[in-house]
Amino acid sequence: MRSSSVCDPYAEIRECVVKAVARAAEELGLGVDPRTVGSLLQEPPKPEFGDLALPLPRVSRQLVERCAELAPLAEDIGGECVERVECVGGYMNIRLRSGYLVGRLAEALSKCGSSYGIARRDKPLRVLVEFVSANPIHPLHIGSGRNAALGDFVARAHELLGDVVERRYYVNDLGLQVAYLVYGYAKLGRPKCPPQMKDDHLLGLIYAAAYTVADISRLKKRMESASEAEARELRRELDSLVADLLRIRERVPGLVDELLRAAEAASEDVEREVRELSRALELGDPSLAELHGEVIGRVVSGIRATLERLGISFDRWDYESELVRSGLVDELLARARKSEFFTYHKGAPALDVGRLAERPEIREALAVSKSMEIPPLVLARSDGTTLYTTRDLAYTLKKFSESGADLVYNVVAVEQTLPQAQLRLALYALGYEREARSLVHYAYEMVNVKGLAMSGRRARYVTVDEVLDALVARARSLARERGVEISDEAALKIARSALRYVMLSVSPRKTLVFDLDQAVGVKAGTATYLQYTLARARSILSKYGREIEFSRVGADGLSGKRRELALLIARFPEVFRRVATELTPEDMVSYLNRLAEVFNPWYDSDPVLAEPDESLRNLKLMLVYGTKTVIENSFRLLGLDALERV
RNA sequence: GGGCCCGUGGCCCAGCCAGGAUAGGGUGCCGGCCUUCUAAGCCGGUGGUCCCGGGUUCAAAUCCCGGCGGGCCCGCCA
């Protein structure tokens with residue numbers, strides 16, 4: 001990371017303070033490690049305690065005892081940056097010299113301008129982020145929304161660090177699920193979309209209907225040979241399936257009946273039919289190519305439209321069927337057979353990655369948790385067809401080789417932790433050590449929707465489109481209440497930012513309970529609150545209409561909210577760097593909420609433009625400019641939209 | 001059965017990895033503030049056995065051990 005210290009005022013401040021404390025301790029004959037002091041310096045819980053605090057017992061016992069001697073010395077030595085040092089209950093509380101703080105901040109903001117806080121890497125990396133990659137059988141649901149927001153954040157973080165980033169979507173257009181959809185679609189004679197409905201939504205219903213019809217016939221068959229007790233249980237299941245089917249029928253009248261009629265008329269074993277179809281699709285049966293392409297194309301275009309509403313686009317869309325036909329999967333299988341880890345697991349060809357995982361240093365290097373049990377990775381079925389993870393293995397190598405990536409992210413749900421670990425181990429086992437080390441599973445927990453058990457197979461899901469629609473409607477009505485009409489574009493920006501904000505505000509490892517009413521409400525602690533804060537700051541600056549004279553910023557009025565704000569703005573580069581490198585968007589959200597919570601009350605109580613004293617007015621303007629810049633740059637990182645008016 | 005993750009006011013979340021001051025926000029509820037840079041705002045009030053029990057420590061929401069509760073994974077599914 002380029003340490004352009006000018007652009008990181010807090011690092012400079014910290015360095016100056018640490019030096020003062022360390023030298024003072026030295027003069028008293030107490031050896032303290034400056035690095036320890038630096039890492040322990042913290043923000044006091046209350047502004048009265050000063051700007052920085054050092055918990056003394058953590059450094060050394062003697063420091064506690066001799067703090068009274070130490071404090072004046074440190075105050076003296078650090079005169080450039082330190083105004084006052086006090087000893088209170090085991091702490092050394094440090095108040096910074098206002099002039100120093102203001103000076104550092106003014107310098108940073110004037111020199112770094114709109115890139116304030118953004119630290120670029122010395123040597124840019126090539127980074128590939130694969131995300132969303134939802135199966136092309138239904139519209140994006142809310143879980144994919146979380147994936148989309150997080151994946152785009154990862155990509156943005158690297159872009160802002162100066163890396164060259166490629167976004168990819170892996171279209172899983174093979175497998176049983178797709179076959180169910182193709183089956184239903186063909187039986188219905190390639191139906192057109194009813195008005196007011198998107199293709200992906202229609203086909204999602206067809207998929208669910210086909211799957212449910214097959215499930216029902218499976219159940220009926222089982223009931224024929226079931227005991228009475230079992231039959232009762234099955235009957236209950238059947239009722240629930242039928243209820244699901246009826247619910248789907250409500251949304252697309254006629255379609256379900258037609259499907260049932262078609263299936264019955266042919267007196268087909270739907271399940272067997274679908275299996276055969278799946279095999280034919282994987283083999284690339286030319287008579288199915290057009291139908292297959294049409295089905296996948298319609299769903300993908302719907303998904304693409306949803307992503308566009310979210311403001312997300314991909315550099316490449318990779319199709320699984322093309323991967324299989326390119327022969328890469330076969331090549332990989334051949335290579336696996338020659339591996340020392342090749343084995344047979346219950347008769348099926350496999351890689352014994354568990355054996356590799358016995359070595360603790362390998363687990364360490366590949367980020368596989370210490371005691372996770374690793375079963376062998378089965379590569380193919382007895383009939384020779386490949387399994388998903390095998391194809392993913394081939395795809396991973398393709399990702400590395402095509403892009404020349406130094407780092408590849410798979411943004412994938414946490415429930416896939418084991419297959420993702422197997423993937424890295426398998427790469428290593430096959431001799432791709434660098435790739436194995438450079439493959440990152442960026443995991444996230446699932447999204448639950450309040451009061452709904454989700455299931456794609458039953459078309460029980462909340463879609464990203466619905467959520468966006470609801471948010472757009474809400475944004476409109478709130479604006480109308482205030483007597484303002486907002487443009488479609490503004491409403492969409494409010495909506496998609498609100499959605500992204502919710503997805504990024506909670507740590508990815510926590511299950512997110514999505515409450516539509518709450519996300520739709522635009523209050524404090526939402527994206528809209530931040531957009532509003534930014535609009536206020538921008539409004540002041542545009543009314544001022546001139547360049548801020550950073551060289552004539554006064555330090556006298558730096559107290560209360562103004563001081564808090566200055567410190568927060570000074571700390572931004574540090575926060576930004578941490579969030580962008582550790583990929584913890586929730587930290588940025590917390591920071592922004594705090595910033596807005598300081599800015600807004602200050603805004604209310606302390607007029608900027610009406611300030612008669614010039615140097616104080618410049619100080620206030622600098623704080624407004626700092627707030628604006630910090631929010632704008634955070635938005636670039638999080639993928640939130642700025643608005644001129646809210 | 002084994003593994004991974006989570007448990008903080010009615011509800012949601014931050015803090016935990018790198019232990020430190022009276023545990024922070026939001027939301028909800030009650031009351032107040034628009035002639036002054038955007039009231040999607042601001043101010044005040046209300047509300048907590050940091051899941052439980054031990055241990056380590058001058059100091060534990062944070063570290064360790066043992067429980068309890070919830071989620072996910074352990075397939076020739078993806």
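Below, chains carry the letters A, B, ... as their sequence lines are ordered, and counting in each starts from 1. Hydrogens, waters and symmetry mates are skipped; everything else that's a heavy atom, side chains included, is used.
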With sugar-phosphate meaning primed atoms plus P, OP1 and OP2, does [X] contact a base, only sugar-phosphate, or nothing at under 4.0 Å between heavy atoms?
{"X": "R594(A)", "answer": "nothing"}
{"X": "T417(A)", "answer": "nothing"}
{"X": "P44(A)", "answer": "base"}
{"X": "A53(A)", "answer": "base"}

Can you check the distance between [N] and [M], where both ends of the measurement are the [atom1] atom (answer in whole Å)?
{"N": "U35(B)", "M": "A39(B)", "atom1": "P", "answer": "12 Å"}
{"N": "G7(B)", "M": "C16(B)", "atom1": "C1'", "answer": "13 Å"}
{"N": "C34(B)", "M": "C43(B)", "atom1": "C1'", "answer": "14 Å"}
{"N": "G75(B)", "M": "G70(B)", "atom1": "P", "answer": "23 Å"}
{"N": "G48(B)", "M": "U56(B)", "atom1": "C1'", "answer": "26 Å"}
{"N": "G32(B)", "M": "C37(B)", "atom1": "P", "answer": "24 Å"}
{"N": "G67(B)", "M": "C73(B)", "atom1": "P", "answer": "24 Å"}
{"N": "G19(B)", "M": "C33(B)", "atom1": "C1'", "answer": "43 Å"}

For the residue pair [X] and [Y], establish whether any side-chain heavy-atom pair is separated by less than 4.5 Å.
{"X": "M92(A)", "Y": "L70(A)", "answer": "yes"}
{"X": "E364(A)", "Y": "K370(A)", "answer": "no"}
{"X": "L609(A)", "Y": "I540(A)", "answer": "yes"}
{"X": "L534(A)", "Y": "E632(A)", "answer": "yes"}

Opposite nucleotide pairing with [N], Watson-Crick or G-U, both atom distances under 3.5 Å:
{"N": "C63(B)", "answer": "G55(B)"}
{"N": "C42(B)", "answer": "G32(B)"}
{"N": "C72(B)", "answer": "G3(B)"}
{"N": "A14(B)", "answer": "none"}

_Stepwise side chain to side chain contact (heavy atoms under 4.5 Å, CB included) check, M503(A) with I142(A)_ = CA-CA 10 Å; M503(A) 297 304 177; I142(A) 195 75; 3.7 Å; yes
_For a quick test of reading the model: is some side-chain N or O of R536(A) closer than 4.0 Å to OP1 or OP2 of U38(B)?_
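Indeed not, no polar side-chain atom of R536(A) lies that close.
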*Would you say a side-chain N or O of K370(A) is under 4.0 Å from OP1 or OP2 of G3(B)?*
no
Where do N or O atoms of nucleotides 14-18 of chain B meet protein N or O atoms at under 3.5 Å, pair by pair?
from: A14(B); atom 1: OP1; to: S507(A); atom 2: N; distance (Å): 3.4
from: A14(B); atom 1: OP2; to: K510(A); atom 2: NZ; distance (Å): 2.4

Separation of atom [atom1] in [X] from atom [atom2] in [N], rounded to whole Å:
{"X": "Y591(A)", "N": "G25(B)", "atom1": "OH", "atom2": "P", "result": "17 Å"}
{"X": "R617(A)", "N": "C37(B)", "atom1": "CZ", "atom2": "P", "result": "17 Å"}
{"X": "L63(A)", "N": "C58(B)", "atom1": "CG", "atom2": "C1'", "result": "15 Å"}
{"X": "L512(A)", "N": "C6(B)", "atom1": "CG", "atom2": "P", "result": "15 Å"}
{"X": "N593(A)", "N": "G25(B)", "atom1": "CG", "atom2": "P", "result": "12 Å"}
{"X": "I374(A)", "N": "G2(B)", "atom1": "CD1", "atom2": "C1'", "result": "13 Å"}
{"X": "Y501(A)", "N": "C13(B)", "atom1": "OH", "atom2": "P", "result": "13 Å"}
{"X": "E597(A)", "N": "U27(B)", "atom1": "CD", "atom2": "P", "result": "9 Å"}

*asked:* Between D606(A) and K561(A), does any side-chain N to carboxylate O distance fall below 4.0 Å?
replied: no
*Could you tell me whether K493(A) and E489(A) have a side-chain N and a carboxylate O separated by less than 4.0 Å?*
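Answer for the salt bridge query: yes.
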*Give the intermediate values and the outcome of side-chain hydrogen bond (donor to acceptor under 3.5 Å, both in side chains) for residues Y444(A) and R146(A).*
CA-CA 8 Å; Y444(A) 62 95; R146(A) 189 175 196 180; over 6 Å; no
*Can C29(B) be described as syn, meaning its chi torsion is within 90° of 0, or is it anti?*
anti
*If you pin A596(A) and S539(A) to their nearest nucleotides in RNA chain B, which one's is more 5'?*
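Nearest nucleotide further toward 5': that of S539(A).
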*Where each residue is assigned the nucleotide of RNA chain B containing its nearest heavy atom, which of F49(A) and K543(A) is assigned the position nearer the 5′ end?*
F49(A)
*So which nucleotide from C58(B), U38(B), C37(B) ends up closest to the side chain of P57(A)?*
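Of all the options, the side chain of P57(A) is nearest to C58(B).
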_To the closest 0.5 Å, what do you measure between CG (D173(A)) and CD (E320(A))?_
6.5 Å
Kindly check if the number of other-residue, nucleotide or ligand heavy atoms within 6.0 Å of [atom1] ([X]) is above 12?
{"X": "R476(A)", "atom1": "CZ", "result": "yes"}
{"X": "R275(A)", "atom1": "CZ", "result": "no"}
{"X": "E373(A)", "atom1": "CD", "result": "no"}

*Can you check each nucleotide of nucleotides 69-78 of chain B against protein heavy atoms at under 4.0 Å and return B for base, S for sugar-phosphate only, - for none, in 5' to 3' order?*
--SSSS-BSB
*Does the ring centre of Y395(A) sit less than 6.0 Å away from the ring centre of Y170(A)?*
yes
_Between F131(A) and Y442(A) (judged by ring centroids, cut-off 6.0 Å), do the two rings come close enough to count as a pair?_
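Not under 6.0 Å, so no.
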Table of protein N/O atoms under 3.5 Å from nucleotides 65-68 of chain B N/O atoms:
none

*Applying side-chain hydrogen bond (donor to acceptor under 3.5 Å, both in side chains), run through Y529(A) and N600(A) and close with a yes or a no.*
CA-CA 10 Å; Y529(A) 179 65; N600(A) 282 318; 3.2 Å; yes
*Under 5.5 Å between ring centres and under 30° between planes: does that hold for Y603(A) against the base of G41(B)?*
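It does not: the ring fails the test against the base of G41(B).
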_Base A21(B) paired with N93(A) side chain (donor-acceptor, <3.5 Å)_ =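 Yes.
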